[in-house]
Number of protein chains: 2
Amino acid sequence: MRSDARKNYDHILAVARDLLSEDGADASLRDIARKAGVGDGTLHRHFPTREALLEALLRTRFDALTARAGELARCEKADEALLSWLREAIVVTHSYKGVIAPMVAAITDETSALHSSCVDLRQAGAGLLERAQAKGLARPDMDGNDLFALISALAWLADQPPLVPRADHLFAIIADAVLPGRTGGTPGNEAA
Amino acid sequence: MRSDARKNYDHILAVARDLLSEDGADASLRDIARKAGVGDGTLHRHFPTREALLEALLRTRFDALTARAGELARCEKADEALLSWLREAIVVTHSYKGVIAPMVAAITDETSALHSSCVDLRQAGAGLLERAQAKGLARPDMDGNDLFALISALAWLADQPPLVPRADHLFAIIADAVLPGRTGGTPGNEAA
DNA sequence: CGTTTAAACGGGGCATCGCTCCACTTAATG
DNA sequence: CATTAAGTGGAGCGATGCCCCGTTTAAACG
């Protein structure tokens with residue numbers, strides 16, 4: 001890659017990071033190009049689609065998340081490991097408003113630039129889930145796909161302004177369902 | 001309303017129903033107008049925004065859902081009443097691909113044409129929830145907003161093609177969390 | 001250091017979108 | 001039948017993602 005190309009590539013990425021943080025994942029690509037001081041053509045050659053741009057922005061975060069899963073796999077408490085990784089995964093998948101939908105679409109679309117990132121994410125989660133299941137801490141009737149779907153749903157929830165105030169609470173409720181019998185769980189109404 | 005206006009109004013609605021079923025809630029309004037044989041201006045006067053069109057399409061379904069909640073409130077088993085209403089609510093909010101996002105946005109936006117429909121929906125759910133809570137069948141730490149958020153998340157989930165195969169299963173898991181201790185619930189791994 | 005050449009550039013262009021505006025048509029009334 | 005207000009439809013606006021291609025420029029070579 002030529003030096004001027006590299007410079008533009010990096011600069012576009014930096015500008016995109018800013019603009020997507022403000023306006024969400026569907027910010028205008030033209031705006032990004034303009035703000036970066038390059039032409040539309042330049043942006044679209046470096047990042048042929050919006051997803052390619054998102055992938056470049058999220059790649060390092062996903063890698064960190066996978067690494068983090070590796071660390072947590074060595075933690076004794078498999079349930080808490082899964083729980084805190086879930087929390088982190090949701091934070092990451094929520095880096096930019098509106099990224100969740102393209103991510104979900106990408107997991108079955110092998111042509112998408114986001115595909116491998118999503119597969120990695122599911123894989124990392126599945127590992128932690130299986131460990132918690134082996135120790136009898138997590139529901140046995142779930143797999144990596146279910147976990148991925150739950151993360152997606154919770155991240156989407158946290159992305160809808162009217163639902164934000166409920167996001168943490170619902171996370172707790174769903175965590176109860178995935179990891180039954182944890183402390184602080186379902187308050188005592190077993191008397192029914 | 002003049003007779004020709006009424007005819008156009010009804011015809012647009014019929015065409016919209018078809019086209020939105022195929023292409024989802026973000027189908028092109030121009031296409032709808034063209035297919036209905038009217039001009040853009042005509043469509044936009046009858047339905048100033050996409051949400052107004054959605055509202056007209058969903059109104060009767062929402063009303064039916066509210067009425068259904070009234071019936072179910074007389075059912076003895078408050079937990080099963082809530083459960084089957086939830087199922088129906090998700091089906092309705094999933095009538096057209098992509099309706100959920102505008103609906104969620106509308107619940108805090110009083111200027112939206114969809115606002116009152118959403119408020120009605122939340123209200124109906126809250127009633128059934130409170131009844132189940134009073135009988136000690138549902139988690140006490142939830143309210144109508146939480147339920148609305150859960151319905152939204154589950155409907156969104158069922159709207160993402162890659163997640164569809166998991167939708168029913170996750171519904172069951174979350175239902176377990178909302179109505180703890182039901183039969184068929186969390187399979188026996190309490191030994192942990 | 002000058003020449004060459006392929007990589008990189010940028011912006012004009014295309015089709016599409018939601019929505020507005022307004023000159024025209026037409027249903028309904030007295 | 002004349003009047004008139006309600007209704008119509010399509011041209012037009014600004015914006016979008018993405019393509020195309022004439023022009024510029026970095027960098028390798030003699």
Side-chain angles (χ1 to χ4, degrees), chain A residues 1-20 22-57 96-99 101-103 105-106 109 111-114, chain B residues 1-20 22-57 96-99 101-103 105-106 109 111-114:
Chain A
M1 183 181 279
R2 246 165 62 172
S3 67
D4 53 345
R6 158 116 273 138
K7 213 172 82 178
N8 273 338
Y9 182 94
D10 292 340
H11 190 215
I12 289 172
L13 225 45
V15 169
R17 204 180 314 270
D18 286 354
L19 224 58
L20 293 203
E22 282 178 35
D23 304 350
D26 51 359
S28 159
L29 297 182
R30 236 191 202 88
D31 276 359
I32 295 174
R34 243 196 297 267
K35 202 157 204 165
V38 304
D40 277 13
T42 302
L43 188 152
H44 278 96
R45 190 160 3 82
H46 286 310
F47 309 100
T49 69
R50 161 173 271 111
E51 290 183 8
L53 182 56
L54 288 177
E55 202 273 341
L57 282 176
Y96 306 102
K97 275 187 300 181
V99 278
M103 275 183 56
D109 175 10
T111 72
S112 165
L114 280 170
Chain B
M1 184 182 281
R2 244 163 65 170
S3 66
D4 54 345
R6 156 116 276 136
K7 213 172 79 177
N8 273 338
Y9 181 96
D10 292 339
H11 189 217
I12 289 172
L13 224 46
V15 169
R17 204 179 316 268
D18 286 354
L19 225 58
L20 293 203
E22 283 179 34
D23 303 352
D26 51 359
S28 160
L29 297 183
R30 235 189 204 92
D31 276 359
I32 295 174
R34 244 195 299 265
K35 200 156 205 165
V38 303
D40 278 12
T42 301
L43 188 152
H44 279 96
R45 191 161 4 82
H46 286 309
F47 309 100
T49 69
R50 159 172 271 111
E51 291 182 8
L53 182 56
L54 288 176
E55 201 275 340
L57 283 175
Y96 305 102
K97 276 186 300 179
V99 277
M103 277 183 54
D109 175 10
T111 72
S112 165
L114 280 170

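So that the names make sense, note that chain A is the first sequence line, chain B the second, and so on, each numbered from 1.
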Between B/Val38 and the options B/Val15, B/Ile32, B/Asn8, the side-chain contact (heavy atoms from CB on, under 4.5 Å) test singles out B/Asn8
Would you say C/dA8 has OP1 or OP2 under 4.0 Å from some side-chain N or O of A/Asn8?
-> no
* Determine: side-chain N/O of A/Ser3 to OP1/OP2 of D/dA27, distance under 4.0 Å, yes or no. => yes
Contacts of B/Arg30 and A/Tyr9 projected onto DNA chain C by closest heavy atom; the upstream (5') one is A/Tyr9
Taken to the nearest whole Å, CD/B/Glu51 to P/C/dG18 is 13 Å
Taken to the nearest whole Å, NE2/B/His11 to P/D/dG9 is 12 Å
Side-chain N,O (A/His46) to OP1/OP2 (C/dC9) below 4.0 Å: yes
### Query
Do B/Arg50 and B/Leu53 have side chains that get closer than 4.5 Å, going by heavy atoms?
no
**Item:** Sugar-phosphate only, base, or nothing, as touched by B/Ala36 at under 4.0 Å among non-hydrogen atoms
**Value:** nothing
Rounded to whole Å, the CG-C1' distance (A/Asp31 to D/dG14) equals 13 Å
Side-chain contact check for B/His44: nearest option of C/dC9, C/dC19, D/dG9 is C/dC19
Between CZ of B/Phe47 and C1' of D/dG7 the distance, given in whole Å, is 15 Å
B/Arg6 CZ to C/dA28 C1', in whole Å, measures 17 Å
* Can B/Leu29 and B/Phe47 be said to form a side chain to side chain contact (heavy atoms under 4.5 Å, CB included), step by step? -> CA-CA 10 Å; B/Leu29 297 183; B/Phe47 309 100; over 6 Å; no
Review point. Per the atom types in the model, does the base of C/dA8 pair as donor or acceptor with the side chain of A/Arg2 at under 3.5 Å?
Key: no
Among the nucleotides C/dA27, C/dG10, D/dG7, whichever has the atom closest to the side chain of B/Ala5 is D/dG7
In whole angstroms, the gap separating P of C/dC19 from CG of B/Leu43 amounts to 10 Å
Taken to the nearest 0.5 Å, the spacing of A/Tyr96 OH from A/Leu54 CG works out to 8.5 Å
Side-chain contact check for B/Leu29: nearest option of C/dA8, C/dC19, D/dC18 is C/dC19
Interatomic distance, CZ@A/Arg17 vs CG@A/Leu57, rounded to 0.5 Å, equals 5.5 Å
B/Thr42 has its side chain closest, among C/dG10, C/dC17, D/dT8, to D/dT8
- Task: Considering only NZ, NE, NH1 and NH2 on the basic side and carboxylate oxygens on the acidic side, decide whether A/Lys7 and A/Asp4 come within less than 4.0 Å.
- Result: no
- Query: Can you check whether B/Arg50 has a side-chain N or O nearer than 4.0 Å to OP1 or OP2 of C/dG18?
  - Reply: yes
When B/Asp4 and B/Ser28 are each assigned the nearest nucleotide of DNA chain C, the 5'-most assignment goes to B/Ser28
Q. Quick one: the side chain of B/Asp40 and the base of C/dC19, do they pair up donor-acceptor inside 3.5 Å?
A. yes
note: B/Asp26, atom CG; C/dG18, atom P; distance rounded to Å ~ 9 Å
Rounded to whole Å, NZ of A/Lys7 lies from C1' of D/dA27 at a distance of 15 Å
